[in-house]
Amino acid sequence: MNGPREVPGATIGVIERYREYLPVTEVTPVISLSEGSTPLIYSPRLSALIGRGCRIYLKHEGSNPTGSFKDRGMTVAVSKAAESGARLVICASTGNTSAAAAAYAARAGIQCAVLLPSGKISIGKLAQAFVYGAVVLALEGNFDQCLKLVRELSTEPGISVVNSINPYRLEGQKTAAFEIIDALGDAPHLHVLPVGNAGNTTAYWRGYVEYYKLNRATRLPRMLGFEAAGAAPIYHGRVIEQPETAASAIRIGNPASWNLANAAFQESGGAIDIVTDEEIFAAQGWLASKEGLFVEPASAASIAGLFKCLSRVTGASRPIPKIPDEAIVVCTLTGHGLKDTAAILNDRIKPIAAPADKTAILSILAKAK
Ligand code: F0G
């Protein structure tokens with residue numbers, strides 16, 4: 001199968017853009033949806049809030065083809081699965097990994113099965129898995145139990161697991177760090193991320209270190225991770241049996257990349273901390289209404305985290321570092337807001353009933369000022 005590289009005018013994906021840094025060869029079929037090359041958006045209001053000459057950029061990963069950062073890793077994982085002749089790709093997911101796996105498997109012509117915690121996935125993400133044609137299995141259990149089962153299935157012949165325990169996933173995801181350095185001309189001083197299964201933190205750190213060693217950057221960023229307060233195993237240093245948060249994408253109590261992410265926080269001089277659901281939803285609303293960027297709740301954890309850095313009222317075992325003057329800060333916005341509208345429907349969507357009448361509407365608008 002030809003990748004977009006061979007098609008004039010088509011946007012290239014991360015394998016073609018960063019081929020020399022990825023574990024692919026000439027014989028690897030490139031299964032791509034032209035993912036990556038996502039916008040790095042300057043945030044004037046966040047920059048003004050932090051002040052002191054700091055510049056805040058937002059890496060908008062919701063712009064990927066399936067609406068989350070997972071596409072970067074999935075193009076590599078599914079390309080390698082196709083190369084190995086896999087007949088089925090499988091994953092456990094809180095929703096975004098399954099959407100990406102289903103899409104890339106469809107593109108590759110390989111069957112896909114997804115194991116999801118029953119009733120715990122946003123309807124938008126569930127719809128994606130169905131539309132892309134995956135076999136969708138809802139398990140009576142949480143994400144951690146789904147992942148355990150997937151690990152058990154991984155030894156079956158012809159099955160390729162595309163969770164981030166598959167090393168190709170993290171390889172693909174590290175390209176986001178490359179893009180940031182390529183765009184800024186250097187690494188940021190701080191990188192802020194939401195943390196769930198902890199693969200993305202690990203992948204970014206790997207990307208930053210790799211480019212730094214190749215002299216593409218003069219510095220390494222401090223990595224700052226934020227877990228949801230009710231699902232914070234790394235922060236508390238223990239498995240959380242019943243993780244709880246309305247940010248369903250990061251409702252994880254036993255992350256697969258726990259140790260690797262911890263190493264990233266330590267080596268980078270960064271920290272792991274928590275944000276409450278209240279702070280997450282406040283940050284989501286703030287970002288949408290002040291900067292015009294609608295992200296899903298899990299993604300807003302990085303913005304809630306940045307706000308927490310400002311107040312520095314934190315219980316982190318390794319305290320959040322102070323944002324230095326003139327710092328360049330990147331926050332990753334991991335998934336699009338349209339992925340999970342149900343999470344905000346109840347309390348925030350209150351349209352005003354209006355008659356179909358110009359004068360009445362003008363009067364309502366005058367009151368709404
Ligand atoms: N943000 C979103 C939107 C996610 O979907 C995830 C993880 C994360 C952040 C956390 O990233 O796991 O690398 O630390 N979602 C996974 C999934 C678990 O199944 O879609 P992480």
Side-chain angles (χ1 to χ4, degrees), residues 59-64 66-74 77 90-103 114-117 120-122 124-126 128-129 134 139 142-147 150 161-166 169-170 172-174 176 191-207 223-228 231-235 243 245-262 264-265 272 275 280 283-284 294-305 331-340 343:
K59 184 70 171 155
H60 193 271
E61 291 290 276
S63 296
N64 277 297
T66 76
S68 87
F69 70 97
K70 304 288 183 179
D71 294 352
R72 292 179 184 278
M74 211 51 81
I90 192 166
C91 67
S93 181
T94 56
N96 282 324
T97 298
S98 50
V114 300
L115 265 64
L116 311 175
K120 303 285 188 187
I121 302 298
S122 83
K125 297 173 190 176
L126 199 58
Q128 285 183 291
L139 256 71
N142 60 27
F143 168 83
D144 302 295
Q145 288 156 321
C146 294
L147 186 61
V150 161
V161 171
V162 293
N163 278 106
S164 53
I165 52 175
N166 175 333
R169 278 275 313 280
L170 299 186
Q173 281 175 213
K174 76 183 178 187
H191 191 117
V192 190
L193 277 165
V195 177
N197 218 15
N200 213 23
T201 308
T202 308
Y204 268 95
W205 181 239
R206 186 180 294 177
M223 303 295 294
L224 289 189
F226 289 89
E227 294 180 309
I234 302 179
Y235 174 79
T245 166
S248 59
I250 52 173
R251 191 186 287 138
I252 293 174
N254 189 7
S257 299
W258 188 325
N259 292 334
L260 290 169
N262 240 342
F265 295 129
I272 175 94
V275 282
I280 286 174
Q284 184 194 40
F294 181 25
V295 299
E296 68 168 284
S299 310
S302 60
I303 304 303
C331 300
T332 300
L333 306 177
T334 47
H336 202 287
L338 292 174
K339 287 266 193 182
D340 189 2

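Ligands are counted one by one from 1 in listed order, and the atoms in each one are counted from 1 as well.
- Close contacts of ligand 1 with Asn96, meaning ligand atoms under 4.0 Å from a residue heavy atom, involve 2 (C), 3 (C), 4 (C), 5 (O), 20 (O).
- Only the backbone of Ala198 comes within contact range of ligand 1, with a heavy atom under 4.0 Å; no side-chain atom does.
- Salt-bridge check for Arg251 with Glu227: failed, with every basic side-chain N at 4.0 Å or more from each acidic carboxylate O.
- Distances shorter than 4.0 angstrom do not occur between any heavy atom of Thr201 and any atom of ligand 1.
- Close approach of ligand 1 to Thr97 (heavy-atom distance below 4.0 Å) involves ligand atoms 16 (C), 17 (C), 19 (O), 20 (O).
- Within the model, atoms CG of Asn254 and CD of Gln145 stand 10.5 Å from one another, a figure rounded to the nearest 0.5 Å.
- Near Asn197, meaning under 4.0 Å from one of its heavy atoms, ligand 1 places the atoms 12 (O), 14 (O), 21 (P).
- The aromatic rings of Phe294 and His336 sit perpendicular to each other, their planes meeting at more than 60°, with 30° as the lower class boundary.
- Residue contacts with ligand 1, taken as heavy atom pairs separated by less than 4.0 Å, involve Ile252 solely via side-chain atoms from C-beta onward.
- Only the side chain of Ile250 comes within 4.0 Å of ligand 1, counting heavy atoms alone; its backbone N, CA, C and O stay farther away.
- Among Arg169, Lys70, Glu61, Lys125, the residue whose heavy atom lies nearest to atom 7 (C) of ligand 1 is Lys70.
- A salt bridge does not link Lys70 with Glu61: every distance from a Lys NZ or Arg NE/NH1/NH2 to an Asp or Glu carboxylate oxygen is 4.0 Å or more.
- Considering backbone and side-chain N/O atoms, Gly335 never comes within less than 3.5 Å of an N/O atom of ligand 1.
- Taking every non-hydrogen atom of Ser93 and a distance limit under 4.0 Å, the qualifying atoms of ligand 1 come out as 17 (C), 19 (O), 20 (O).
- Of the possible polar contacts, none joining the Gln173 side chain to the Phe69 backbone as a donor-acceptor pair under 3.5 Å is found.
- Put simply, the residue from Ser68, Ser299, Ser248 that forms a side-chain contact (heavy atoms from CB on, under 4.5 Å) with Lys339 is Ser68.
- In the vicinity of Val195, heavy-atom distances shorter than 4.0 Å reach the ligand 1 atoms 14 (O).
- In terms of polar-atom proximity, Phe143 is not counted as a contact of ligand 1, lacking any N or O under 3.5 Å from an N or O of the ligand.
- Selection from Phe69, Phe226, Tyr204 by nearest heavy atom to atom 6 (C) of ligand 1 gives Phe69.
- No side-chain donor from either of Asn96 and Gln128 sits under 3.5 Å from a side-chain acceptor of the other.
- Close approach of ligand 1 to Gly199 is summarised as follows: ligand atoms under 4.0 Å from at least one heavy atom of the residue are 13 (O), 14 (O), 21 (P).
- Listed by number with element, the atoms of ligand 1 under 4.0 Å from a non-hydrogen atom of Thr334 are 1 (N), 2 (C), 3 (C), 9 (C).
- Put simply, the side chain of Ser93 does not reach to within 4.5 Å of the side chain of Cys146, judged on heavy atoms.
- Proximity to Glu296 (heavy-atom distance under 4.0 Å) selects the following atoms of ligand 1: 3 (C).
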